[in-house]
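Every chain is numbered from 1, with letters handed out A, B, ... down the list of sequences. All heavy atoms count here, side chains included; hydrogens, waters and symmetry mates do not.
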Amino acid sequence: MLLLIDPRVEALRNAPLNSWIALSEDESTVIASGATYEEVVRESERVGSVDPIILKTPREWSPISL
Amino acid sequence: MKLPYKKYPTVAGGVDLRAICPVYIALTARGAVRSKKIEAVIDSGASNCIFHAQIGEAVGFDIKAGRQEETYGVDGKSSAIYFHDILIYMPGGQITIDGAFSYDMPVPAILGMRGFFDNFKVTFDPTGQLCEVERIYQA
């Protein structure tokens with residue numbers, strides 16, 4: 001079976017859990033992570049990212065029911 | 001607008017798909033600072049649009065000054081949410097809604113019935129693995 005590696009999925013799989021993270025504009029790389037939204041915004045600005053996408057990682061990658 | 005489902009890893013090594021809309025939020029005041037782009041889960045099971053309070057505070061909302069209500073998750077637990085007029089920027093335009101903030105969110109944002117599904121026709125397409133969202137205007 002051919003398994004295609006998705007850069008976004010791999011980036012998320014390797015990201016710190018239970019954290020805020022910023023992904024690069026192409027969503028292939030975690031460019032910042034931290035305990036708070038503001039921490040991640042500051043760090044993403046420090047590395048020069050113009051338009052990152054911010055999300056929260058869970059305690060573990062289980063399916064969610066909100 | 002067509003929004004391809006976003007992929008998330010699972011503990012079992014697989015992939016989970018979610019309908020996600022990238023949004024920015026801001027106060028409704030002219031010239032207000034926008035948030036960074038955040039991933040909002042499109043969730044027809046949610047009564048309201050709810051954003052993480054940390055994002056609101058970062059762009060100037062006085063969160064606890066808003067109208068307080070209780071909301072219940074699928075686990076039956078209640079938590080306080082605080083309503084404000086929120087300007088949302090999304091692909092295709094912008095909209096002001098009566099949305100809420102919560103300090104107790106596992107995701108940055110959810111887009112629910114009031115504020116999102118009453119302003120957009122939403123079609124989930126499992127074959128194309130995308131969600132199509134079209135603005136509607138009701139009298």
Side-chain angles (χ1 to χ4, degrees), chain A, chain B residues 4-25 33-59 71-77 79 89 101-112:
Chain A
M1 185 172 74
L2 178 65
L3 289 176
L4 296 176
I5 294 174
D6 184 300
R8 173 188 158 98
V9 173
E10 289 311 302
L12 292 178
R13 200 184 298 284
N14 295 317
L17 294 171
N18 199 24
S19 301
W20 289 86
I21 63 168
L23 290 177
S24 56
E25 289 171 51
D26 67 1
E27 301 182 28
S28 68
T29 310
V30 175
I31 57 169
S33 64
T36 66
Y37 169 81
E38 287 206 77
E39 209 177 310
V40 168
V41 168
R42 272 198 306 274
E43 179 62 12
S44 61
E45 287 173 348
R46 194 187 65 76
V47 300
S49 177
V50 177
D51 191 26
I53 185 154
I54 311 276
L55 57 152
K56 276 191 91 197
T57 58
R59 289 188 178 84
E60 64 171 29
W61 285 109
S62 301
I64 57 165
S65 302
L66 298 171
Chain B
Y5 291 166
K6 294 287 185 184
K7 294 177 182 173
Y8 296 82
T10 66
V11 269
V15 171
D16 198 19
L17 296 174
R18 296 179 198 163
I20 297 290
C21 186
V23 302
Y24 308 80
I25 65 166
V33 173
R34 284 190 202 187
S35 70
K36 294 292 184 189
K37 184 163 55 186
I38 56 175
E39 289 198 346
V41 180
I42 298 173
D43 181 5
S44 62
S47 302
N48 294 291
C49 297
I50 309 178
F51 300 86
H52 200 292
Q54 285 186 22
I55 303 168
E57 287 176 342
V59 295
T71 191
Y72 291 85
V74 290
D75 59 2
K77 291 180 184 163
S79 59
Y89 299 89
F101 291 100
S102 167
Y103 288 92
D104 191 21
M105 293 275 287
V107 294
I110 55 175
L111 301 174

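Between chain B and the residues Leu23(A), Ile54(A), Thr57(A), the largest count of heavy-atom pairs under 4.5 Å involves Ile54(A). Annotation: maximal heavy-atom pairing with chain A below 4.5 Å, among Pro108(B), Ala46(B), Ala40(B), Ser35(B), occurs at Pro108(B).
No donor-acceptor pair closer than 3.5 Å links the side chain of Asn48(B) to the backbone N or O of Ile50(B). Checking side-chain atoms of Gln54(B) against main-chain N and O of Tyr37(A) turns up a donor-acceptor pair under 3.5 Å. Between the Lys56(A) side chain and the Met105(B) main chain, a donor and an acceptor come within less than 3.5 Å of each other. A donor-acceptor contact shorter than 3.5 Å links the side chain of Ser24(A) to the backbone of Thr29(A).
With a threshold of 4.5 angstrom between heavy atoms, Arg13(A) approaches chain B through its backbone and through its side chain. Neither the backbone nor the side chain of Pro58(A) comes within less than 4.5 Å of any heavy atom in chain B. Looking at Glu27(A), the atoms closer than 4.5 Å to chain B (heavy atoms on both sides) all sit in the side chain, from C-beta outward. Interface remark: Glu25(A) contributes no atoms to any contact with chain B (heavy atom separation under 4.5 Å).
No side-chain heavy atom of Trp20(A) sits under 4.5 Å from any side-chain heavy atom of Glu43(A). In this structure the side chain of Asn18(A) reaches within 4.5 angstrom of the side chain of Arg59(A), judged on heavy atoms. The closest side-chain heavy-atom distance from Val107(B) to Leu55(A) is not below 4.5 Å.
For residues 32-42 of chain A, the set of pairs meeting the salt bridge (Lys or Arg N to Asp or Glu O under 4.0 Å) definition, not counting sequence neighbours, is empty.
Near-neighbour residues of residues 13-21 of chain B relative to chain A, defined by a heavy atom under 4.5 Å from a heavy atom of that chain, comprise Gly13(B), Gly14(B), Val15(B), Asp16(B), Arg18(B).
Dense packing is recorded around CG of Asp51(A), with more than 12 heavy atoms of other residues, nucleotides or ligands lying under 6.0 Å away.
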